[in-house]
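Report on the following structure.
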2 protein chains.
Amino acid sequence: MKNFSRQREAVKKVLCSTKTHPTAAWIYENVRKELPNISLGTVYRNLNVLSEERSIKKLSFGDGNEHFDGDISPHSHFYCECCGKIYDIAFDATELCKEIADSAKVNITSAACNFSGKCSQCQ
Amino acid sequence: MKNFSRQREAVKKVLCSTKTHPTAAWIYENVRKELPNISLGTVYRNLNVLSEERSIKKLSFGDGNEHFDGDISPHSHFYCECCGKIYDIAFDATELCKEIADSAKVNITSAACNFSGKCSQCQ
DNA sequence: AATTAAATTAAGAATTATTACTGATTTTGA
DNA sequence: TCAAAATCAGTAATAATTCTTAATTTAATT
């Protein structure tokens, strides 16, 4: 019963085929290689649909763009303020979430532990 | 040698007098009560200056706005996806940062541990 | 396979948040 | 006090994202 959309599948495929945590604009450029007529609005809409379905993740680093991640396994991110690169960090916040949900009496559905600074290449 | 600016002081005062993690627009509205002629651009510029000086913090929750926090003591945030409210969480990421900096061999200058879900009022 | 209803699209206009520019004013430091 | 530097208000410009509409595609039903 799941609705099908060639465009949505293509957006997801492109996002899942990179580890670079791209922006909507990058995804748009790359989906166009396969579907030259796709529009930027369609990319944005489907990124939102996918992220509400929780089959992708939306990341905010305060650099003015949303970034997206096709890897939904529990992990965190490091943002290099110098070169702008985003690195995966092997920290799983699941346990931390439980503790915090308990003590703060809230219902946590997702966590984003974002670290920033200078990456080893930029030092 | 520190430069003085009545506007910058007022922006900081307004931000520090609330616990609501407001947006630039909210800060603008409230600074205007004291300085009716201040412009939105000035608010934005000073928020950036203050946040580069690290005397305030910029927060991104992916809701399309930047939020600001005058409380720079180490703590984390919970964003309610339902009502949009932002709550302080008493989690200090300093230790976690050290561990991660060690294992990932990066230089961490700041961390943002943002949790989201439904707050107790919205449940 | 034909038909209809629902979902989705492309294209571009509109909106919103934020930044940049400009000439005038204020602050600093000698 | 006075010139240089910083900052301002106002406005224009930019950039990211959402919205609108008519057309097309997909799904469900015959």
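Chain letters run A, B, ... following the sequence lines, proteins first and then strands; every chain starts at 1.
- Between B:Lys13 and B:Val31, every side-chain heavy-atom pair lies at or beyond the 4.5 Å cut-off.
- Distances shorter than 4.0 Å separate some side-chain N or O of B:Tyr44 from OP1 or OP2 on C:dT18.
- Put simply, CG on B:Asp63 is 17 Å from P on D:dA16, counting in whole angstrom units.
- A:Arg6 comes within 4.0 angstrom of the backbone, heavy atoms only, and of no base.
- Distances were taken from every side-chain heavy atom of A:Asn46 (C-beta onward) to each of C:dA10, C:dT9, C:dT18; the shortest belongs to C:dT9.
- Ring orientation note: the planes of A:Tyr79 and A:Phe61 are close to parallel, at an angle under 30° on the 30°/60° scale.
- Going from atom CG of B:Asn37 over to atom P of C:dT26 covers 11 Å, rounded to whole Å.
- The OH atom of A:Tyr28 sits 10 Å away from the C1' atom of C:dA11 (whole-angstrom rounding).
- Between A:Leu35 and B:Ser5, it is A:Leu35 whose nearest contact on DNA chain C lies nearer the 5' terminus.
- Between C:dT18, D:dT18, C:dA10, one nucleotide has an atom nearer to the side chain of A:Thr42 than all others, and that is C:dA10.
- Taking atom CD of residue B:Gln7 and atom P of nucleotide D:dA9, one finds them 4 Å apart after rounding to whole Å.
- Of the candidate nucleotides D:dA9, C:dT9, C:dT27, C:dT27 has the atom nearest to the side chain of B:Phe4.
- Following rounding to the nearest Å, A:Asn48 (CG) and C:dA7 (P) show an atom-to-atom distance of 18 Å.
- Taking side-chain N and O atoms only, A:Ser39 has no distance below 4.0 Å to OP1 or OP2 of C:dA11.
- Using a 4.0 Å cut-off between charged nitrogen and carboxylate oxygen, B:Glu95 and B:Lys98 count as a salt-bridge pair.
- Nearer to the 5' terminus of DNA chain D, by closest-nucleotide assignment, is the contact made by B:Arg8 (compared with the other of B:Arg8 and B:Leu40).
- One atom, CD1 of A:Ile38, and another, C1' of C:dG12, lie 16 Å apart when rounded to the nearest Å.
- Between B:Arg45 and B:Asn65, the one whose closest nucleotide on DNA chain C sits nearer the 5' end is B:Asn65.
- Checked against A:Ser51 for a side chain to side chain contact (heavy atoms under 4.5 Å, CB included), the options A:Lys58, A:Glu66, A:Lys57 give a single hit: A:Lys58.
- If you take NE2 of A:His67 and C1' of D:dT17, they are 15 Å apart, rounded to a whole angstrom.
- As a whole-Å value, the separation of B:Glu66 CD from D:dA15 C1' is 14 Å.
- A side-chain donor-acceptor contact under 3.5 Å links B:His21 and B:Asp88.
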